Amino acid sequence: MRKERVDTASRVIRAPPQAIYRAFLSADAWTVWLPPAGMSARMQRFEPWSGGRYRMILTYDHPDHAAPGKTSADSDVVNGRFVEFVTDRRVVQEVEFASDDPAFAGVMRMTWSLRAAGNGTEVRMRCRRVPEGIRAEDHRAGMRSSLENLAAFVEAESCS
(Lines give C-alpha, C1' and ligand atoms only; values in the text may rest on other atoms or scores of the structure.)
Protein backbone atom coordinates (compact mmCIF):
# COMPACT_ATOMS: atom_id res chain seq x y z
CA MET A 1 0.00 0.00 0.00
CA ARG A 2 1.31 3.43 -0.99
CA LYS A 3 1.98 5.88 1.83
CA GLU A 4 -0.23 8.98 1.84
CA ARG A 5 1.77 12.06 0.93
CA VAL A 6 1.28 15.25 2.93
CA ASP A 7 2.78 18.59 1.83
CA THR A 8 2.77 21.65 4.08
CA ALA A 9 3.72 25.30 3.94
CA SER A 10 3.18 28.29 6.21
CA ARG A 11 3.77 32.00 6.38
CA VAL A 12 3.04 34.86 8.75
CA ILE A 13 1.03 37.59 7.03
CA ARG A 14 0.81 41.13 8.41
CA ALA A 15 -2.98 41.22 8.62
CA PRO A 16 -5.63 40.00 11.06
CA PRO A 17 -7.25 36.57 10.57
CA GLN A 18 -10.53 38.27 9.57
CA ALA A 19 -8.92 39.99 6.55
CA ILE A 20 -7.29 36.76 5.40
CA TYR A 21 -10.48 34.77 5.86
CA ARG A 22 -12.37 37.28 3.67
CA ALA A 23 -9.91 36.54 0.84
CA PHE A 24 -11.26 32.95 0.84
CA LEU A 25 -14.84 34.10 0.33
CA SER A 26 -14.44 35.96 -2.98
CA ALA A 27 -13.93 34.41 -6.41
CA ASP A 28 -12.30 37.64 -7.60
CA ALA A 29 -9.82 37.50 -4.70
CA TRP A 30 -9.00 33.83 -5.39
CA THR A 31 -8.11 34.56 -9.01
CA VAL A 32 -5.62 37.17 -7.79
CA TRP A 33 -3.85 35.35 -4.96
CA LEU A 34 -4.22 31.60 -5.47
CA PRO A 35 -2.45 30.99 -8.82
CA PRO A 36 1.26 30.38 -8.28
CA ALA A 37 3.85 32.44 -10.14
CA GLY A 38 3.66 31.85 -13.89
CA MET A 39 -0.08 31.14 -13.92
CA SER A 40 -3.36 33.03 -14.02
CA ALA A 41 -6.83 31.87 -13.02
CA ARG A 42 -10.41 32.12 -14.18
CA MET A 43 -13.28 30.98 -11.99
CA GLN A 44 -16.23 29.25 -13.68
CA ARG A 45 -18.12 28.39 -10.51
CA PHE A 46 -17.67 29.53 -6.91
CA GLU A 47 -19.91 28.62 -3.98
CA PRO A 48 -18.10 29.64 -0.77
CA TRP A 49 -19.99 27.62 1.82
CA SER A 50 -19.66 24.17 3.35
CA GLY A 51 -20.71 21.72 0.63
CA GLY A 52 -20.32 24.37 -2.08
CA ARG A 53 -18.32 23.70 -5.21
CA TYR A 54 -15.94 25.58 -7.42
CA ARG A 55 -14.37 25.13 -10.83
CA MET A 56 -11.24 27.04 -11.67
CA ILE A 57 -9.07 27.09 -14.76
CA LEU A 58 -5.37 27.73 -14.14
CA THR A 59 -3.53 28.80 -17.28
CA TYR A 60 0.23 28.91 -17.75
CA ASP A 61 1.61 32.30 -18.80
CA HIS A 62 4.13 30.39 -20.95
CA PRO A 63 2.66 27.07 -22.18
CA ASP A 64 6.15 25.71 -22.89
CA HIS A 65 6.66 25.61 -19.09
CA ALA A 66 3.60 23.44 -18.49
CA ALA A 67 4.27 20.14 -16.74
CA PRO A 68 2.94 16.81 -18.02
CA GLY A 69 -0.47 15.57 -16.84
CA LYS A 70 -2.27 18.84 -17.37
CA THR A 71 -5.86 19.11 -18.58
CA SER A 72 -4.66 20.69 -21.83
CA ALA A 73 -1.34 21.88 -23.23
CA ASP A 74 -1.49 25.16 -21.30
CA SER A 75 -3.95 24.72 -18.43
CA ASP A 76 -5.21 22.79 -15.44
CA VAL A 77 -8.89 22.51 -14.62
CA VAL A 78 -9.48 22.20 -10.90
CA ASN A 79 -12.79 20.96 -9.52
CA GLY A 80 -13.19 21.60 -5.83
CA ARG A 81 -15.62 21.18 -3.00
CA PHE A 82 -15.61 23.19 0.19
CA VAL A 83 -15.78 20.81 3.14
CA GLU A 84 -15.67 23.25 6.04
CA PHE A 85 -15.57 26.95 6.84
CA VAL A 86 -14.75 28.02 10.39
CA THR A 87 -15.00 31.80 10.43
CA ASP A 88 -11.60 33.49 10.73
CA ARG A 89 -9.90 30.16 11.58
CA ARG A 90 -10.02 27.49 8.87
CA VAL A 91 -11.07 26.56 5.35
CA VAL A 92 -11.03 22.92 4.25
CA GLN A 93 -11.49 21.93 0.63
CA GLU A 94 -11.18 18.86 -1.56
CA VAL A 95 -9.51 19.32 -4.93
CA GLU A 96 -9.56 17.13 -8.01
CA PHE A 97 -7.55 17.82 -11.16
CA ALA A 98 -9.13 17.08 -14.54
CA SER A 99 -6.48 14.90 -16.20
CA ASP A 100 -6.34 11.69 -18.20
CA ASP A 101 -3.06 10.83 -16.49
CA PRO A 102 -3.71 8.42 -13.56
CA ALA A 103 -0.73 9.94 -11.69
CA PHE A 104 -2.90 13.05 -11.17
CA ALA A 105 -6.07 11.18 -10.21
CA GLY A 106 -7.67 11.32 -6.81
CA VAL A 107 -8.96 13.91 -4.41
CA MET A 108 -6.47 16.03 -2.49
CA ARG A 109 -7.64 17.60 0.78
CA MET A 110 -6.33 21.11 1.49
CA THR A 111 -6.67 22.65 4.93
CA TRP A 112 -5.91 26.34 5.39
CA SER A 113 -5.52 27.27 9.08
CA LEU A 114 -5.34 30.82 10.42
CA ARG A 115 -3.86 31.65 13.83
CA ALA A 116 -3.10 35.08 15.29
CA ALA A 117 0.68 35.50 15.62
CA GLY A 118 2.08 38.74 17.00
CA ASN A 119 1.18 41.56 14.62
CA GLY A 120 -0.20 39.22 12.01
CA THR A 121 -1.60 35.80 11.25
CA GLU A 122 0.15 32.51 10.67
CA VAL A 123 -1.40 30.87 7.62
CA ARG A 124 -0.74 27.13 7.32
CA MET A 125 -1.51 25.00 4.30
CA ARG A 126 -1.72 21.24 4.70
CA CYS A 127 -2.36 19.10 1.64
CA ARG A 128 -3.20 15.42 2.15
CA ARG A 129 -3.39 12.72 -0.51
CA VAL A 130 -1.27 14.73 -2.95
CA PRO A 131 -1.36 12.98 -6.34
CA GLU A 132 1.96 11.28 -7.07
CA GLY A 133 2.22 13.05 -10.44
CA ILE A 134 2.72 16.39 -8.67
CA ARG A 135 6.43 16.65 -7.93
CA ALA A 136 7.00 17.52 -4.26
CA GLU A 137 9.43 20.36 -5.02
CA ASP A 138 7.03 21.88 -7.58
CA HIS A 139 4.13 21.61 -5.14
CA ARG A 140 6.07 23.24 -2.30
CA ALA A 141 7.16 26.07 -4.63
CA GLY A 142 3.56 26.56 -5.76
CA MET A 143 2.29 26.57 -2.17
CA ARG A 144 4.91 29.14 -1.15
CA SER A 145 4.02 31.26 -4.18
CA SER A 146 0.29 31.20 -3.32
CA LEU A 147 1.09 32.22 0.27
CA GLU A 148 3.26 35.09 -0.99
CA ASN A 149 0.44 36.19 -3.30
CA LEU A 150 -2.06 35.95 -0.43
CA ALA A 151 0.21 38.09 1.75
CA ALA A 152 0.61 40.73 -0.97
CA PHE A 153 -3.13 40.77 -1.67
CA VAL A 154 -4.29 40.96 1.97
CA GLU A 155 -1.57 43.38 3.09
CA ALA A 156 -2.42 45.71 0.18
CA GLU A 157 -6.15 45.49 1.05
CA SER A 158 -5.37 46.26 4.71
CA CYS A 159 -3.53 49.43 3.69
CA SER A 160 -6.35 50.76 1.49
Side-chain angles (χ1 to χ4, degrees), residues 7-99 104 106-114 120-128 130-131 133-135 138-160:
D7 292 347
T8 62
S10 66
R11 179 188 174 111
V12 174
I13 297 176
R14 293 183 316 261
Q18 298 82 358
I20 296 167
Y21 184 78
R22 278 194 305 273
F24 283 89
L25 302 178
S26 162
D28 290 338
W30 269 51
T31 62
V32 171
W33 67 261
L34 188 66
M39 299 187 89
S40 59
R42 183 168 43 92
M43 199 65 74
Q44 289 187 322
R45 177 181 189 175
F46 191 75
E47 302 167 346
W49 56 80
S50 295
R53 299 196 175 276
Y54 66 91
R55 181 177 174 88
M56 180 174 51
I57 300 171
L58 292 165
T59 303
Y60 284 88
D61 296 340
H62 303 285
D64 53 319
H65 293 130
K70 303 305 173 192
T71 306
S72 70
D74 68 345
S75 65
D76 279 324
V77 173
V78 179
N79 294 301
R81 182 176 75 84
F82 291 109
V83 175
E84 178 184 42
F85 282 91
V86 178
T87 304
D88 303 335
R89 293 187 47 217
R90 183 173 50 251
V91 175
V92 180
Q93 64 195 78
E94 291 183 335
V95 177
E96 191 166 13
F97 300 97
S99 174
F104 292 89
V107 177
M108 178 173 67
R109 180 171 280 226
M110 296 178 71
T111 301
W112 300 78
S113 301
L114 313 176
T121 301
E122 179 186 29
V123 180
R124 292 184 138 306
M125 283 178 75
R126 184 173 191 268
C127 299
R128 287 183 41 224
V130 178
I134 299 174
R135 292 180 356 154
D138 292 342
H139 196 222
R140 282 192 296 275
M143 293 166 68
R144 284 192 305 271
S145 181
S146 291
L147 286 169
E148 288 170 14
N149 294 342
L150 178 60
F153 178 81
V154 174
E155 290 169 359
E157 290 287 311
S158 295
C159 292
S160 39

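All of these numbers come straight from a predicted model, not from anything done at the bench. One is the number of the first residue; the rest follow in order along the sequence.
- Proximity of L25 to F85: side-chain heavy atoms (C-beta onward) are separated by under 4.5 Å at one or more points.
- Residues F104 and D76 have side chains not in contact (no heavy-atom distance under 4.5 Å, counting atoms from C-beta outward).
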*Might you work through the side-chain contact (heavy atoms from CB on, under 4.5 Å) test for M56 and L34, ending with a clear yes or no?*
CA-CA 10 Å; M56 180 174 51; L34 188 66; 3.4 Å; yes
_Step-by-step side-chain contact (heavy atoms from CB on, under 4.5 Å) determination, Q44 to I57_ = CA-CA 8 Å; Q44 289 187 322; I57 300 171; 3.5 Å; yes
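- Heavy atoms only, all atoms of each residue included: T31 and D28 are closest at OG1-O, 2.8 Å.
- The neighbour count for R126 CZ, taken as heavy atoms of other residues, nucleotides or ligands under 6.0 Å away, does not exceed 12.
- Between R81 and Y54, the shortest heavy-atom contact is N-CE2, 4.1 Å.
- The distance from atom OG1 of T87 to atom CZ of R22, rounded to the nearest 0.5 Å, is 12.0 Å.
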*With side-chain contact (heavy atoms from CB on, under 4.5 Å) as the test, would you mind laying out the steps for L150 and R11 before giving the verdict?*
CA-CA 10 Å; L150 178 60; R11 179 188 174 111; over 6 Å; no
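- Checked against the 6.0 Å centroid threshold, W112 and Y21 do not count as a close aromatic pair.
- Looking at every heavy atom in both residues, M143 comes nearest to T8 through CE-C, 3.5 Å.
- Two residues are said to be in side-chain contact when any heavy atoms from C-beta on lie closer than 4.5 Å; R53 and N79 fail this criterion.
- Between W30 and F82, the ring planes are perpendicular. Angles over 60° get that label, and only those under 30° would be called parallel.
- Of the inter-residue distances, the one linking R135 atom CZ with R140 atom CZ reads 10.0 Å to the nearest 0.5 angstrom.
- For the pairing with E84, the salt bridge (Lys or Arg N to Asp or Glu O under 4.0 Å) check across R89, R90, R109 returns one residue only, R90.
- No side-chain donor-acceptor contact under 3.5 Å links S145 to the backbone of A141.
- Among all heavy-atom pairs drawn from P16 and T121, the shortest one is C-OG1, 3.2 Å.
- Nearest approach of I20 to A15, heavy atoms of both residues: CD1-O, 4.0 Å.
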*Which is it for S10 and E122 under the side-chain contact (heavy atoms from CB on, under 4.5 Å) test, yes or no, and what are the steps along the way?*
CA-CA 7 Å; S10 66; E122 179 186 29; 4.0 Å; yes
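- Taking all atoms of both residues into account, the shortest heavy-atom contact from F46 to S26 is CE2-C, 3.6 Å.
- Not a single donor-acceptor pair under 3.5 Å links the side chain of E94 to the backbone N or O of V107.
- N149 places a side-chain N or O within donor-acceptor distance of the main-chain N or O of P35, the cut-off being under 3.5 Å.
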